[in-house]
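Written below as structure tokens is the structure these notes are about.
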Amino acid sequence: MNNNDIVKVFAPATVANVTCGFDILGFPLENVGDVLTLKVVKEKQIRITKIEGFDLPYEASKNVAGVVIQKLVEDLEIGFGFEVEIEKGVKPGSGIGSSAASAAAAAFAVNELAGRPLKTKELVKYAMEGEKLASGISHADNVAPSLVGNFILIRSYDPLDIIRLDSPADLFCTLVHPHIQVNTKDSRKILKKQISLELAIKQWGNVAGLITGINLSDYNLIGRSMNDVIIEPTRSILIPMFDKIKEASIRAGALGCGIAGSGPSVFAFSKGKKMAMAVNDIMREIYRNIDINFDLYVSKISPKGAFVIKNGN
Ligand code: HSE
């Protein structure tokens, strides 16, 4: 066991799918995420004592962090309990991995206090328990980048095979979060269950192109590949002004643009911060004109996943 009996950790918000990579691609944002404090207690139970920021369940079995901790306690045969405090920096239903940030932070914190028996990548399957509770599906494209950092490709779910890819140095993300709520469970229900071979061919060409573009730092190839012909046509109707934001961002010079996770946030990639800021201004202008509240972020692809803010009291 670790000498400390309390740890405070941060886990970042994330953008899943990255257009064409439904359920298999994601990356973390800088400076936005959840903070979770975990304290060892003698009684063998998990008590959530504080949730700041948003109204979420305190009952451990109904809370994404709670179920992740419970599963780790069982599998690692931990002989004590925990008190949990969560500071939500990521708004639920925003599309930037709110449940994932809490789930990743919980898994990372338990591992720290248990003396790091598991590698960070091995924590992904535990954090996925939180996603299962939140959306009914244990997808890893938010929790894996939130834990591990950088672009993450989930090459396979069974067995879980997680590949970390360095981001091109000059790649920036501009993201707008319009304040409407789209929950992942509902936005998965509306998806078509079958696709044509013709669409599949287009999509896997784009996925391969995007991964190659990231690896070669070929910005033009990244842009050409940011094309989701399967999910976006169905989901984009839930997002106010989606087509206009996409069209205006690309016209201004963004490499590509798409839905962040299951929405409603929309993100664009640009080469260089100057272009990312110009896209930021375009997104702001569009939402201002229709009087919708929103948050804007400009960020690099964060190389950092979850980390310890403070160990001990
Ligand atoms: N891949 C998931 C989805 C991400 O699109 O439903 C949810 O953030």
Side-chain angles (χ1 to χ4, degrees), residues 11-29 32-34 54 56 64 68 88-105 124-125 127-148 151-158 160-163 173 175-178 180-193 195 199 203-204 206-207 210-211 226-239 242 256-267 295 297 299 301-302 305:
T14 44
V15 174
N17 300 340
V18 201
T19 66
C20 49
F22 181 67
D23 277 1
I24 60 152
L25 277 177
F27 66 87
L29 296 168
V32 48
D34 285 1
F54 298 99
L56 291 166
V64 295
V68 172
K88 290 293 300 168
V90 193
K91 193 172 181 185
S94 57
I96 51 171
S98 178
S99 50
S102 293
V124 171
K125 75 166 186 181
M128 285 164 70
E129 293 289 321
E131 293 293 53
K132 195 169 163 194
L133 179 75
S135 69
I137 302 280
S138 4
H139 62 94
D141 50 342
N142 290 108
V143 288
S146 188
L147 277 162
V148 179
F151 275 113
I152 293 291
L153 164 67
I154 297 124
R155 206 269 318 155
S156 151
Y157 272 88
D158 187 17
L160 202 53
D161 187 3
I162 290 161
I163 321 289
C173 167
L175 185 137
V176 65
H177 168 215
I180 57 160
Q181 200 168 333
V182 173
N183 78 55
T184 301
K185 209 178 210 162
D186 293 339
S187 72
R188 291 184 81 96
K189 272 193 204 140
I190 61 170
L191 298 177
K192 292 188 186 124
K193 298 290 172 286
I195 55 162
L199 282 187
Q203 193 88 348
W204 57 55
N206 282 321
V207 173
L210 182 54
I211 298 294
M226 289 176 73
N227 190 14
D228 170 10
V229 295
I230 295 174
I231 309 293
E232 185 182 291
T234 310
R235 277 184 173 169
S236 57
I237 48 175
L238 303 173
I239 303 171
F242 176 80
C257 179
I259 304 170
S262 55
S265 291
V266 177
F267 81 102
D295 297 312
Y297 305 88
S299 168
I301 297 359
S302 178

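One-based numbering, in listed order, for ligands and for the atoms of each. Computed from a prediction, not measured in an experiment: that's the story for all the values here.
By the 4.0 Å heavy-atom criterion, Ser262 is counted among the residues contacting ligand 1.
Taking every non-hydrogen atom of Phe22 and a distance limit under 4.0 Å, the qualifying atoms of ligand 1 come out as 3 (C), 5 (O), 6 (O). Shown in contact with Arg235 at under 4.0 Å from a heavy atom are these atoms of ligand 1, numbered in order with element: 3 (C), 5 (O), 6 (O). Every atom of ligand 1 with a heavy atom of Arg188 under 4.0 Å away is listed here by number and element: 1 (N), 2 (C), 3 (C), 6 (O). Per-residue contacts place Ala16 under 4.0 angstrom from the following atoms of ligand 1 (heavy atoms of the residue considered): 4 (C). Using a 4.0 Å cut-off to heavy atoms of Asn142, the atoms of ligand 1 that qualify are 4 (C), 7 (C), 8 (O).
The proximity of Asp23 to ligand 1, defined as any non-hydrogen pair under 4.0 Å, involves the side chain as well as the backbone. Residue contacts with ligand 1, taken as heavy atom pairs separated by less than 4.0 Å, involve Asn17 solely via side-chain atoms from C-beta onward. With a 4.0 Å cut-off on non-hydrogen atoms, Ile137 does not touch ligand 1 at all.
The two residues Gly97 and Asn142 make their nearest non-hydrogen contact at CA-ND2, 3.7 Å. Across Ala103 and Ala127, no two heavy atoms sit closer than the pair CB-O, 3.4 Å. Looking at every heavy atom in both residues, Tyr157 comes nearest to Ser138 through CE2-O, 3.8 Å. Closest non-hydrogen pair, Asp161 versus Ile163, comes out as OD1-CD1, 3.5 Å.
No donor-acceptor distance shorter than 3.5 angstrom exists from the side chain of Ser265 to the backbone of Gly95, with no hydrogens or angles considered. Judged by distance alone, the side chain of Lys88 and the main-chain N or O of Ser98 form a donor-acceptor pair under 3.5 Å.
Between Thr184 and ligand 1, a contact under 3.5 Å exists for no N or O pair.
We find that Arg188 and Asp23 are joined by a salt bridge, their nearest charged nitrogen and carboxylate oxygen being less than 4.0 Å apart.
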